[in-house]
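For reference, the structure discussed in these notes is given below.
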Amino acid sequence: TGEGSVKKATTKRGKPVNLYLRDADLAKVRELTAYAAGQGERTSDSLIVRATLHLSTPGRAFLTALREAASADLRFRQDD
């Protein structure tokens, strides 16, 4: 390989997004942050959410949680 053919390391950057969380959701993020800190981990809300996403798997439990979240979200309520 010639000079200049060294591959540069690429930085993987996330994209900023807005998430709207209820007080109970934020409390859960804080609880997980406190747990991680108690285990000696330095973390952020973003890392907590990413770790939680990595743990989640498609299935019945996910659909149940999704439906519960949607039922509490006024944007998804259907007028009868």
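The figures that follow rest on heavy atoms only: side chains count, while hydrogens, waters and symmetry mates do not. Only a predicted model underlies this, so the values are computations on that prediction, with no experimental measurement involved.
- Remark: Glu31 pairs with Lys28 by the salt bridge (charged side-chain N to carboxylate O under 4.0 Å, His left out) rule, at least two apart or across chains.
- Applying the salt bridge (charged side-chain N to carboxylate O under 4.0 Å, His left out) criterion to Asp45, with sequence neighbours excluded, gives Arg30.
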Only pairs under 3.5 Å count here: list side-chain donor-acceptor contacts from residues 47-70, not counting sequence neighbours, and write none if there are none.
| from | atom 1 | to | atom 2 | distance (Å) |
| --- | --- | --- | --- | --- |
| Thr52 | OG1 | Ile48 | O | 2.8 |
| Ser56 | OG | Leu53 | O | 2.8 |
| Thr64 | OG1 | Arg60 | O | 3.0 |

